[in-house]
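Count residues from 1 along the sequence.
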Amino acid sequence: MVGSESRSEYTAYGSVVNLAARLCEQAADTEILLSQPAASVVEDQFEIQLRGTISLKGIENPVEVFGVTVPHAH
């Protein structure tokens with residue numbers, strides 16, 4: 001925890017947060033990229049497509065990356 005008695009700030013860190021940050025860096029403006037574990041959680045709610053396997057900075061092994069198709073609101 002960082003801060004004082006009147007103000008505290010928290011942050012998340014670790015391998016999952018690092019992976020999420022790297023996927024965000026790779027995504028285009030309107031694109032949502034997911035790792036395989038995240039894609040498996042939402043595959044029943046959204047259309048998921050395998051985008052390939054990529055190497056990401058700070059992550060030892062290549063990662064299977066999936067894209068999410070989000071329906072447009074009318």
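Counting all heavy atoms, side chain and backbone alike, Thr53 lies closest to Pro62 at CG2-CB, 3.4 Å. Here the closest non-hydrogen pair linking Val68 and Phe46 is CG1-CB, 3.8 Å.
Taking hydrophobic clusters as Ile, Leu, Val, Met, Phe, Trp and Tyr residues chained together by side-chain heavy-atom distances below 4.5 Å, Ile48 shares a cluster with Leu50.
At most 12 non-hydrogen atoms from other residues, nucleotides or ligands lie less than 6.0 angstrom from CD of Glu60.
In terms of modelled atom types and a separation under 3.5 Å, the side chain of Arg22 and the main chain of Gly58 share no donor-acceptor contact.
Between Val17 and Leu19, the closest side-chain pair of non-hydrogen atoms is not below 4.5 Å.
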In residues 26-44, what donor-acceptor pairs under 3.5 Å come from side-chain atoms, sequence neighbours left out?
from, atom 1, to, atom 2, distance (Å)
Glu31, OE1, Ala28, N, 2.9
Glu31, OE2, Arg51, NH1, 2.3
Ser40, OG, Pro37, O, 2.8

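Distance check, rounded to the nearest 0.5 Å: CD1 of Ile59 to CD1 of Ile54 gives 8.5 Å.
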